[in-house]
Amino acid sequence: MLTIGSHMSIAEGIAKAAENAGKMGANTMQIFSRNPRGSGYRNYEAREVENFQSIRKEYHFGPVLAHAPYTMNLASAREQTYEFACMVIREDVARMDALGIENIVFHPGSHTGIGVDAGIQNIIAGLDQAITGQERIMVLLETMSGKGTEIGVNFKELKAIHDGVKHPEKIGICLDTCHVFSAGYDIVNDLEGVIKEFDRILGLDLLRAIHLNDSMMPFGAHKDRHAPIGDGEIGMEALINVLKHPALAGLPVYLETPFDDEGHKKEILVIKEKLNLK
Ligand code: FE
Ligand code: FE
Ligand code: ZN
């Protein structure tokens, strides 16, 4: 069974987001854990949380994915930035866990000049003050394109974070097809090689989610610009091959393509057609 959904707005609440996703033909969704560019969030009332739970049951949702805000930089050496990031990840791991959400993904961060190793040490310390080991939720590191001083441009950096934390059993990986392609992993011509490399460095059991995006930017560009599926440099065939690969089959898939709900609904339909599921 394919578990697929897209990034959904929580402007009207989490229950409404799940309902909209279900109506789109999705059986999961990604939501922001709070305002992606600011720092605000609102607490959901018990009734809304119950609604969310019953709607996700009704539509047979697979694992739901929360995405931490972009403004959160756990690699930062600037005290204010770092303290803010530590607070956000600590609060949002607990908040999303309380909602029964299975996974929360975040961008590891940008070291902004202090170097990859120092950045990774900051990320590890930040995760250690956020993850108690008692939660059910898994914390996913996203594979990044490597723009600027981004950490997570290769599997080794993600492995170093995983191995450094107190609770590595709570850490997983979210593979973003646009980001890995832009980072220089050739999923178009050598998907098998990329998957083998992932398995060799990280182990495939750490892979928990796929962000399915095409890339506006060419291979190895280290730029993060998502394109609609089939409309970018990766192409429809290569992205369908990702979904068909036996090592990745069964993983929940989330679209982050530049579309509204109506566009994502069509995209999900096309993907199901290509996979002969409809
Ligand atoms: Fe992301
Ligand atoms: Fe992504
Ligand atoms: Zn991206």
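Read the numbers this way: they start at 1 and go in the same order the structure lists the ligands and their atoms. What's counted below: heavy atoms across the whole structure, side chains too, no hydrogens, waters or symmetry copies.
Taking the N/O/S atoms of His107 in turn, the shortest distance to the Fe ion (ligand 1) belongs to NE2.
The Fe ion (ligand 2) has Glu142 OE2, Asp176 OD2, His211 ND1, Glu256 OE1 as its protein N, O or S neighbours under 2.8 Å.
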Audit row: Glu150, Lys147, salt bridge (Lys or Arg N to Asp or Glu O under 4.0 Å) steps and yes/no
CA-CA 6 Å; Glu150 252 174 11; Lys147 66 172 188 287; 2.8 Å; yes
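The main-chain N or O of Ser39 is found under 3.5 Å from a side-chain atom of Arg34 such that the two form a donor-acceptor pair. Using modelled atom types, one side-chain atom of Asp214 and one backbone atom of Ile234 make a donor-acceptor pair closer than 3.5 Å. No donor-acceptor pair under 3.5 Å is formed between the side chain of Asn103 and the backbone N or O of Leu65.
Residue side and main chain included, Asp224 places an N/O/S atom under 2.8 Å of the Zn ion (ligand 3). With 2.8 Å as the limit, His179 counts as an N, O or S neighbour of the Zn ion (ligand 3). For residue Cys178, no N/O/S atom approaches the Zn ion (ligand 3) to within less than 2.8 Å.
Side-chain contact between Leu127 and Lys170 is absent, with no heavy atoms from C-beta onward closer than 4.5 Å.
Aromatic ring centres of His162 and His167 lie farther apart than the 6.0 Å criterion allows. Less than 6.0 angstrom separates the ring centroid of Tyr70 from the ring centroid of Phe32.
His107 meets the side chain to side chain donor-acceptor pair (under 3.5 Å) test with His67, Glu142; sequence neighbours excluded.
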